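A quick write-up on the structure given underneath.
Because the structure is a prediction, the values reported are computed rather than measured. Only this structure's heavy atoms are used, side chains among them; waters, hydrogens and symmetry mates stay out. One-based numbering, in listed order, for ligands and for the atoms of each.
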Amino acid sequence: MSQLARDCLKNLSKYIPGKQEEDVKEEFGLSSVIKLASNENPLGPSPRALRAAKKALKESSKYPDQHHVPLRSALAVKFGLSPDNFVVGNGSDEIMLLIAQAFLSSGQEVILSRNTFSVYEFVAKLMDGRLLHVDLKDHACDIDGFIEKINPKTKLVFLCNPNNPTGTIVATGKIENLLSKASKDTVVVVDEAYGDYCEREEFTSAATLIGKYDNLIVLKTFSKIYGLAALRVGYGVASRKLIECLNLVKMPFNVNRTGQIAALAALDDAEFVKKSIKNNSLGKKYLYKELSKLGLSFLKTQANFIYIDLKRSAEEVFVKLMQRGIIIRPLNSFGLPMAIRVTIGKPFQNKEFIKSLKEIL
Ligand SMILES: *Cc1c(COP(=O)(O)O)cnc(C)c1O
C-alpha cells in the first residue's frame, strides 16, 4: 500500500460479503444457484416499493431530495416521533460511518461484541478509534460485559440486536440498564436491522427509549424485511441533537431518488411484511426440525438466518455446498471458523439446502 495512506488504514480489514450468485455460477459451471448468504429477502422486493421505483426511475435526471422529507415524515408517523428524530442513509451502513465521523476522535474508545457485524469495527478503525471487544455469552451479546468495560472515556458502543450472526436478542430492559450506566458523553448505537423478524416478547425496539436517552441511536434498514437491499436505504432514530450532528457530516445527496421513493412506498406494504414474517417463521420451524434430525447444533433465531455450529471447519462444507449450487456464509470472517450462517429461504430453497447438507455430512 502507498505510504501516502493515513496510518490507521493499515489496520483495516476488508469487508467480506456473501458470494455473488453470478460468480458461483461461472466458477462451478452451474445454471442455477440458491443464495442463502446475505440475509436478503427470499420473496424479493416489496411489490409496492417496486411499482413506485419503476415510476421514479423516469425522473432519474433530477437530483434526489437531500433532506429526505417525505420519508422522514412517514417514519415520524410510524414511530410517533418528529421528522427531526430521523436521519436517512445509503443503507444503515452509511449511518454507521456518519456516527463514527461525527462522534469519534482519534484514540477514543469504542466497545463492541467480538463476534458481530464487521462494519462497526471498520468505521471505528477508519476514524482511528481504540477498540474494546466483549466476548459473547451463551452466543448472545453480554450486556453485563459491556457495562463492566464502559467508562467515562468510552465514546461509542455498538450493539447488534438481534445479533448477526447468532440471531440472539437481548431484552430491552438490559439495554436500558446499559444506557442508565453509560455516561451522557457515550453514544450508544443499537442496530436493529433484523428487529422486524423478532417473535419473542422480550424484544421491543430500543426506539421506544429515544425520548428518555439523548445519547441513543437506533438503526433500521429497508434492506431486509422490505427486500430493498440493492436500493441502499437505511435510517437512524435518535434525539434531535444527535441527528443534527449526523446531518453535519452527511453528503448532500447521499440517498438516491429511486431508493427514497421505493422506501416510502414500502412502509405502506404491511401485507408484504406479513408475508415475509410468515415465510420466515415457517422456514425456521422446518429448518429446526431437519437440523435436529441431522444431530446438528444450532441456535434458535430471532432473525431471518440460522447459526449452525458444525463443530468442524466450516470452509469445506461451504465449498461443497457451493459445488451443489448453494451459497451460505462460513463465519471465519466473524471469528467463528466452525460455524455457518444460513439465510432462511423459500420452502424449496430450505429443502435443497437440507438435502445437500445431508449428502455432505
Ligand atoms: C444487513 C445488515 C444491516 C443493513 O445494512 P444496509 O446497509 O442497510 O443494507 C445492518 N446491520 C446488520 C447487522 C446487518 O446484518
Side-chain angles (χ1 to χ4, degrees), residues 15-18 20 35-42 45-46 49 68 71 75 86-100 112-124 126 136 139-141 156-170 175 188-198 203 205-207 217-237 246 250-251 254-256 258-260 262-263 266-267 276 280 299 301-307 328-329 331 333-336 339-344:
Y15 181 75
I16 304 170
Q20 293 284 347
K35 185 179 174 201
L36 302 174
S38 300
N39 304 336
E40 291 148 342
N41 194 322
S46 137
H68 324 120
L71 184 53
L75 289 168
F86 295 87
V87 63
V88 183
N90 191 41
S92 49
D93 283 2
E94 189 199 9
I95 301 177
M96 296 166 203
L97 179 62
L98 299 181
I99 290 168
L112 72 172
S113 285
R114 187 169 307 281
N115 313 107
T116 194
F117 192 54
S118 66
V119 175
Y120 316 139
E121 182 155 335
F122 174 79
V123 298
L126 194 58
L136 297 181
H139 299 286
C141 282
L156 261 179
V157 174
F158 282 104
L159 264 178
C160 189
N161 197 35
N163 189 46
N164 179 1
T166 50
T168 51
I169 53 168
V170 293
I175 291 178
V188 177
V189 184
V190 182
D191 180 1
E192 297 182 355
Y194 302 99
D196 304 282
Y197 291 100
C198 284
F203 182 88
S205 172
I217 304 182
V218 180
L219 302 182
K220 302 268 192 184
T221 181
F222 286 92
S223 297
K224 307 286 156 60
I225 198 120
Y226 295 106
L228 300 180
L231 294 181
R232 315 298 309 125
V233 192
Y235 58 98
V237 197
L246 298 176
K250 172 184 106 50
M251 288 299 236
N254 63 326
V255 183
N256 74 86
T258 306
Q260 290 188 45
L267 282 179
S276 301
N280 197 63
L299 298 176
T301 185
Q302 295 300 318
N304 65 345
F305 53 82
I306 297 192
Y307 173 94
I328 53 96
R329 192 68 167 268
L331 295 178
S333 68
F334 286 73
L336 300 158
I340 58 172
R341 190 195 69 196
V342 182
T343 306
I344 299 168

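The protein atom (non-hydrogen) at minimum distance from atom 15 (O) of ligand 1 is Tyr194 OH, 2.6 Å. The protein heavy atom nearest to atom 1 (C) of ligand 1 is Lys224 NZ, 1.3 Å.
In this structure, CD1 in Ile344 is found 11.5 Å from CG in Asn41, a value given to the nearest 0.5 Å. Interatomic distance, Leu336 CG to Arg329 CZ, rounded to the nearest 0.5 Å: 12.0 Å. In this structure, the separation between OG1 on Thr116 and CZ on Phe334 is 7.5 Å, given to the nearest 0.5 Å. With rounding to the nearest 0.5 angstrom, the CG atom of Asn163 is 11.5 Å from the CD1 atom of Ile169. Atom OH in Tyr307 sits 7.0 Å away from atom CG in Asn115 (nearest 0.5 Å). Note: Phe122 CZ to Met96 CE = 12.0 Å, rounded to the nearest 0.5 Å.
Residue contact annotation: Phe222 has no non-hydrogen atom under 4.0 Å from ligand 1. At least one heavy atom of Asp191 sits closer than 4.0 Å to an atom of ligand 1. Put simply, part of Met96 is less than 4.0 Å from ligand 1, judged by heavy atoms. Ligand 1 lies within reach of Ser223, whose nearest heavy atom is under 4.0 Å from it. Look at Cys160 and you'll find a heavy atom under 4.0 Å from some atom of ligand 1.
Here Ser92 has heavy atoms under 4.0 Å from ligand 1 in both its backbone and its side chain. Proximity of Asn164 to ligand 1, defined as any heavy-atom pair under 4.0 Å, is confined to the side chain (atoms from C-beta onward). Here Phe158 has no heavy atoms under 4.0 Å from ligand 1, in either its backbone or its side chain.
Residue Ala193 approaches ligand 1 through these ligand atoms, each under 4.0 Å from one of its heavy atoms: 2 (C), 3 (C), 10 (C), 11 (N), 12 (C), 14 (C). Residue Gly91 has at least one heavy-atom neighbour below 4.0 Å for each of these atoms of ligand 1: 6 (P), 7 (O), 8 (O).
Taking any N or O of Tyr120, backbone or side chain, none lies under 3.5 Å from an N or O belonging to ligand 1. Polar contact check, Arg232 against ligand 1: a nitrogen or oxygen pair lies under 3.5 Å apart.
Using cut-offs of 30° and 60° on the angle between ring planes, the pair Tyr120 and Phe158 is parallel.
Of all heavy-atom pairs between Tyr194 and Asn164, the closest is OH-ND2, 3.7 Å. For the pair Glu94 and Asn90, the tightest heavy-atom approach, listed with the atom from each and the gap, is OE1-N, 2.6 Å.
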